[in-house]
Amino acid sequence: MPETISATAAPALDKTPGTRTKARARAARNRAILVQTSRALVLLGVIGLWEWLARAAVIDPFNFSMPSKIWDQLEQWALHGTAQGSLWEQIWYTLYEALLGWGIGVVAGVVLGIAFGRVAFLADVLGPYIKVLNALPRIVLAPIFLIWFGLGPASKVASAVVLVFFPVFFNAFQGAREVDRNLVANSRILGASNRQVTLQVVIPSATSWIFTSLHVSFGFALIGAIVGEYIGATKGLGLLVSSSQGTFNAAGVYAAMVILAVVALLAEGLLTFLEKRLFRWKPAQPGEDR
């Protein structure tokens, strides 16, 4: 009889909340391992196929280069530097311009976006001008900034700012407009002033919208810095791309792109980490590992 009772009770124990939580955590870990392994296999497959096609002369190795030559170029830059100085100096120069432009663009976009979202008169008067400026091809402003600010970092920072500002602005504006009106009404009933409503209700509610734009905007900041350096600069990864292109060094162009991709991925990982830390209270979306 005791054996029968234990046998019947065992399945019931498996359904306890603690067991289900462990099972879900195990499934999430297994899925994360599967995703990471699949990503690595895809990358290795693309690199291997590219190398094989170039060595077999299916594609022109002069124009398309090959992963082994790109690696050799990266190794040469890392160990012996570039014509413009050490590789790390070029990376820092571009990163400095991108970060400064990103920071200015984000602050301006958030402040003006929240202001336009909160003050309807301001949005009605200046909204059309923002839309017109957003419709301009902002990349073509880089030569104008070069004329205005010269070959130094200021022209690259300006290019990064104009690329970052608009996605952040529109997300902050939409986030301010999408705030739950009941929260605003309850705050006013409790005696909150306009400033308190903005700081304690609107901005926290719009934070998820703002963070969504931050993921995209840092890539735009890098593009702005690179384009500015490509047109005219004394240092930076964009200058490496321009110099490599001018000497028909396809491996150098791809090597600079690899460095940019690594920088962008690291920035994306940092932003994702910060977002998860700030929004632990948010329920995970289907398929999302929190």
Side-chain angles (χ1 to χ4, degrees), residues 98-142 144-145 148-149 154-225 227 267-268 270-272 274-285 288:
L99 284 172
L100 186 56
W102 183 70
I104 295 172
V106 166
V107 171
V110 169
V111 170
L112 291 179
I114 297 294
F116 279 44
R118 292 287 293 144
V119 184
F121 179 76
L122 197 62
D124 292 340
V125 173
L126 299 179
Y129 297 104
I130 296 288
K131 291 177 182 176
V132 168
L133 292 173
N134 184 47
L136 294 175
R138 292 183 291 280
I139 288 295
V140 302
L141 294 175
I144 298 175
F145 292 144
W148 288 354
F149 303 116
S155 56
K156 288 73 178 173
V157 171
S159 298
V161 168
V162 295
L163 286 175
V164 168
F165 170 79
F166 290 97
V168 176
F169 169 83
F170 285 114
N171 271 45
F173 174 77
Q174 193 63 32
R177 285 291 178 93
E178 293 291 331
V179 176
D180 189 347
R181 296 302 165 193
N182 291 327
L183 287 176
V184 176
N186 291 338
S187 301
R188 294 199 181 282
I189 289 171
L190 293 171
S193 63
N194 285 333
R195 180 174 173 274
Q196 289 173 320
V197 169
T198 300
L199 294 178
Q200 299 176 17
V201 178
V202 176
I203 292 179
S205 298
T207 305
S208 57
W209 286 81
I210 294 167
F211 256 92
T212 301
S213 67
L214 296 187
H215 288 280
V216 182
S217 61
F218 186 77
F220 287 161
L222 278 175
I223 292 171
V227 169
E268 173 66 20
L270 180 59
L271 284 172
T272 302
L274 290 175
E275 186 176 15
K276 287 181 178 181
R277 297 284 294 179
L278 286 172
F279 297 107
R280 285 191 228 175
W281 52 269
K282 265 181 86 175
Q285 299 298 322
E288 182 182 359

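What you see is a predicted model, and the numbers here were worked out from it, not measured in a lab.
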J.: Could you state the interatomic distance from CD1 (Ile114) to CD1 (Ile210), rounded to the nearest 0.5 Å?
T.: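 Ile114 CD1 to Ile210 CD1: 4.5 Å, rounded to 0.5 Å.
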J.: Search all heavy atoms of Pro128 against all heavy atoms of Ala123 and return the closest pair with its distance.
T.: CD-O, 4.1 Å
J.: Taking the side chain as C-beta and beyond, is there a heavy-atom pair between Asn134 and Phe169 under 4.5 Å?
T.: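 Contact flag for Asn134/Phe169 side chains = no.
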J.: Could you measure the distance from the CG atom of Leu99 to the CD1 atom of Ile104? Nearest 0.5 Å is fine.
T.: 11.0 Å
J.: Between CG of Leu270 and CD of Glu268, what distance do you get to the nearest 0.5 Å?
T.: 10.0 Å
J.: Taking atom OG of Ser159 and atom CZ of Phe149, what is their separation to the nearest 0.5 Å?
T.: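 Nearest 0.5 Å value for the OG-CZ distance: 9.0 Å.
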J.: Give the minimum heavy-atom separation between Ala142 and Val227, together with the two atoms involved.
T.: CB-CG1, 4.0 Å
J.: Can you name the nearest heavy-atom pair linking Ala160 to Gly101, along with the distance?
T.: CB-CA, 3.8 Å
J.: If we only count heavy atoms from C-beta on, is the Leu214 to Asn171 side-chain gap below 4.5 Å?
T.: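 Not touching, per the 4.5 Å side-chain cut-off.
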J.: Heavy atoms, side chains only, cut-off 4.5 Å: are Ile223 and Leu163 in contact?
T.: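 They are in contact (side-chain heavy atoms under 4.5 Å apart), so the answer is yes.
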J.: Would you call Leu112 and Phe165 a side-chain contact if the rule is heavy atoms closer than 4.5 Å?
T.: yes
J.: Between the side chains of Ser217 and Trp102, does any donor sit under 3.5 Å from an acceptor?
T.: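 A donor-acceptor contact under 3.5 Å links the two side chains.
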J.: Would you say the side chain of Thr272 lies within less than 4.5 Å of the side chain of His215, judging by non-hydrogen atoms?
T.: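 The answer is yes; the side chains approach within 4.5 Å.
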J.: Of the non-hydrogen atoms in Phe173 and Gly117, which two are nearest, and what is the gap between them?
T.: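 Minimum heavy-atom contact is CD1-N, 3.5 Å.
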J.: Please report the shortest heavy-atom distance between Val164 and Ala221, naming the atom on each side.
T.: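 Taking Val164 first and Ala221 second, the nearest heavy atoms are CG2-CB, 3.6 Å.
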J.: If you round to the nearest 0.5 Å, how far is CZ of Arg138 from CG of Leu133?
T.: 9.0 Å
J.: What's the spacing between Phe170 CZ and Lys131 NZ if we round to 0.5 Å?
T.: 7.5 Å
J.: Heavy atoms, side chains only, cut-off 4.5 Å: are Phe166 and Ile130 in contact?
T.: yes
